[in-house]
Every structure is written in structure tokens, then in C-alpha cells.
Amino acid sequence: MRKLISLLLIFIFTGIVQAQPPKREIRAGWLATVYRIDWPTTAMTSVTSANISAQKAEFTAILDSVKAANMNAVFFQVRPESDAFYNSAYEPWSAHLGGSRGTYPGYDPLAFAIEESHKRGIELHAWLNPYRFETSAGKYAGQTCDYKTLHPEWILDYAVYTGATKTTDGITILDPGNPAVRKLIKNVVGDILSKYDIDGIIFDDYFYAYAGTSTTLDSYAQNLYKPTTKTLSDWRRENVNKMIADVYDTIQAVKPQVIFGVSPFGIWTTSSAVATARGLTLPSGITGSNMYEQIYCDPVAWLEQGKVDYISPQLYWTTTSTGQDYDKLCPWWSDVAKKYNKYFYSSMSLSSLTSTYAAPKASTVA
């Protein structure tokens with residue numbers, strides 16, 4: 001049986017939060033639906049009772065595995081590409097669920113997931129990708145809720161062009177600099193909160209694209225919304241910070257018992273000047289990508305502003321890694337979270353472990 005839960009989180013208590021704290025220690029895994037990585041392994045190309053039963057059985061088998069592993073929470077990806085694994089008032093049913101964008105699968109997967117999780121004493125946290133629209137440009141062209149046609153001013157297309165000719169497809173994302181996009185994300189979260197008995201909302205590490213955003217790609221939003229007094233980098237970070245704050249404030253207004261967290265890249269910045277300006281010292285010997293400048297991700301700001309209940313950086317490195325030592329990064333993040341009286345939850349990858357570090361498999365009896 002293939003590994004269905006790809007990432008394991010060990011949750012570490014680091015302080016008292018102002019919002020509702022977790023009910024107990026949380027041991028959770030990410031359940032990915034994009035590309036049907038974890039579930040459903042096959043699309044429902046035709047909606048029949050047999051196909052519905054098969055999808056449900058596969059999901060409950062995952063939950064049974066979670067329970068057997070002594071885990072008590074699942075982060076269920078319900079919005080992988082500006083779509084829905086639930087009854088959304090704003091966006092279509094996901095193609096990863098029904099085989100084509102907008103196809104109703106004959107039941108409500110999120111409602112089913114919540115019911116079955118709670119039966120087993122497992123929390124259900126809704127995992128959303130706030131900005132991603134397409135994993136490849138043009139993937140949903142002409143289909144239900146094609147934002148590129150409906151609202152072209154919302155879209156940043158990272159395809160590579162030579163002159164007017166596209167040479168390489170890239171992802172497309174909703175432009176973080178457009179206030180209408182922030183309003184959409186806020187409304188999507190509010191819609192889920194008002195309809196479903198979820199235990200949490202979680203975002204992963206996708207903000208501006210990892211490939212890098214040219215100085216002109218978001219010219220539409222820059223021309224309308226960027227103050228002349230702000231640098232482009234500061235403005236882009238502020239856009240993301242505003243979205244995070246909008247989501248947190250929505251949760252507090254609609255259902256404050258729901259906890260909210262974000263799982264950013266495991267290195268905040270490589271700039272000692274940036275850290276010093278915030279009263280922080282970077283862990284020694286850490287090298288790598290600078291996500292503060294590359295994807296304009298500033299989790300320290302979210303902690304400072306009190307707009308997350310927890311932070312769960314993706315620390316996908318071993319304790320023997322050169323330049324990205326888990327033994328240095330993990331305590332550093334824990335200390336930063338404690339400084340702002342928030343929780344720190346260390347995200348770690350099981351799927352990237354080599355055979356040297358892999359946990360032994362349980363033996364089977366014929």
C-alpha cells in the first residue's frame with residue numbers, strides 16, 4: 001500500500017496564544033489532493049453510487065491509517081487550484097475530484113471528511129492554496145470559473161515568452177497585489193467557516209512564485225495600488241501580509257475557535273540586516289534560498305502582528321545537513337514563535353527521507 005500521508009508534523013508547544021489553543025497535542029499529516037497525490041487516487045469520470053462508495057472507502061482507509069499511527073489531525077487539501085472539494089459559493093468543484101472542473105461528485109467530500117474524522121477523534125483542518133490558479137498556464141482555459149478570462153487583471157502568468165511566442169508553460173496565480181483577490185480569499189475562507197465544522201485553516205508555502213517574479217509581471221496592480229514611497233519588495237510582502245491578516249480577522253469574526261496557521265519555507269531570510277532590523281539574530285551557518293525576497297514571505301511579520309495562531313515552517317532537512325541544519329533551524333523558529341507568544345509546529349517530510357533515515361516497515365503475516 002503506497003504512502004498516503006506524505007508529511008508528518010510534530011507539534012511543539014512554545015507559548016500561550018490569544019486565540020483558542022489546540023485541545024491537546026497535535027500530531028498531523030498533510031493529505032494532498034492536487035494531482036490526486038494522496039486522494040482520490042482515481043477521478044470520478046462518471047458519478048455513480050459505486051464510484052462514490054469507492055472514494056469514500058479510500059478516504060476512510062486513510063483515516064484508519066492515521067488513527068492507527070496515533071495521529072490526531074489531518075490537513076485536508078480542499079482548494080488546490082482555485083477550486084473546491086466542498087460546496088463552494090465562489091468556485092467550481094475540483095477537476096482532481098470529479099475528472100473535470102465543475103463536475104459535481106454526487107456528495108460533499110469535506111462534509112464527509114469532517115464527519116468521518118470526528119468519529120475517530122481526529123481533527124480536520126482545511127488546507128487551502130490561497131493564490132494558485134493553474135499548475136500550468138492555460139490548463140483551465142475556457143472552463144468553469146476561468147479567472148484568466150473572467151478577471152485577467154487578477155492573474156499573474158509565469159509562462160516564459162520569447163517576444164510574443166510562449167516557449168515554456170508556467171504556473172498562473174492570483175495577483176496578491178490586487179485588493180479584489182484578497183477579498184476573494186477572505187470570502188472563500190468565510191464561506192467554509194460558515195458551512196463546515198472544521199477545526200482549523202492552514203495555508204502552505206505558495207505565495208508569489210518560487211520561480212521569481214519580474215519587476216513588470218504585476219504592472220497592472222503596481223500602477224494602481226503601489227505607493228511610490230514603498231519599494232517593490234516591501235509592497236509585495238505587504239500584500240501577502242494583508243491577505244494573512246484578512247483571513248485571521250475573518251476567522252475571529254465568524255468562528256474564533258478555529259485555529260489558523262501557515263507553513264512557510266523553512267528559511268525566513270539569509271539577510272542579517274533584515275533580521276537585525278526586527279530584533280532577531282539568524283541561526284549561524286544557515287545558507288540557502290531567501291524567501292523574504294524571492295516569494296515575499298514574511299512569517300515573522302505575521303507573528304509580530306498576531307495574525308496567525310501558529311507557524312509551521314517546512315524544515316525538510318536532517319540534523320546532518322550542511323547549511324540547513326535541523327538542529328539549528330528548529331530551535332530558532334521555536335524561539336521566534338515563543339517571543340510572540342504563538343505556537344511553533346515543525347513540518348517535516350517523510351517522503352524525502354532516504355533509506356538511511358527511513359523508519360522500519362512493519363512486518364506482515366500472510
Would you confirm whether Q314, through its side chain, and S263, through its main-chain N or O, come within 3.5 Å as a donor-acceptor pair? yes
Could you walk me through whether N239 and R182 pass the side chain to side chain contact (heavy atoms under 4.5 Å, CB included) test, one step at a time? CA-CA 9 Å; N239 295 332; R182 290 201 299 273; 4.1 Å; yes
E116 side chain to L63 main-chain N or O, any donor-acceptor pair under 3.5 Å? no
Polar side-chain atom of K195 near backbone of N87 as donor-acceptor pair, under 3.5 Å: yes
Salt bridge between R278 and D298, side-chain N to carboxylate O under 4.0 Å? yes
K226 and D218 ion-paired at < 4.0 Å: no
Min side-chain heavy-atom separation I173-Y206 under 4.5 Å: no
Kindly say whether I286 contributes a backbone atom to a donor-acceptor pair with the side chain of Q324 at under 3.5 angstrom? no
H125 backbone acceptor or donor facing D199 side chain under 3.5 Å: no
If you measure from the Lys or Arg side-chain nitrogens to the Asp or Glu carboxylate oxygens, is any gap between D64 and K67 under 4.0 Å? no
Salt bridge (charged side-chain N to carboxylate O under 4.0 Å, His left out) partners for K255, two or more places apart: none
Not counting sequence neighbours, which residues clear side chain to side chain donor-acceptor pair (under 3.5 Å) with N241? List them please. W302
Salt-bridge criterion met for K148 and E134 (N-O under 4.0 Å): no
Can the ring centroids of W39 and F59 be said to lie less than 6.0 angstrom from one another? yes
For W317 together with F265, are the ring centres under 6.0 Å from each other? yes
Are D249 and K307 close enough for a salt bridge, meaning some N to O gap below 4.0 Å? yes
Ring centre gap for F203 and F260 strictly below 6.0 Å: yes
Any heavy-atom pair between the side chains of E81 and H96 that's under 4.5 Å? yes
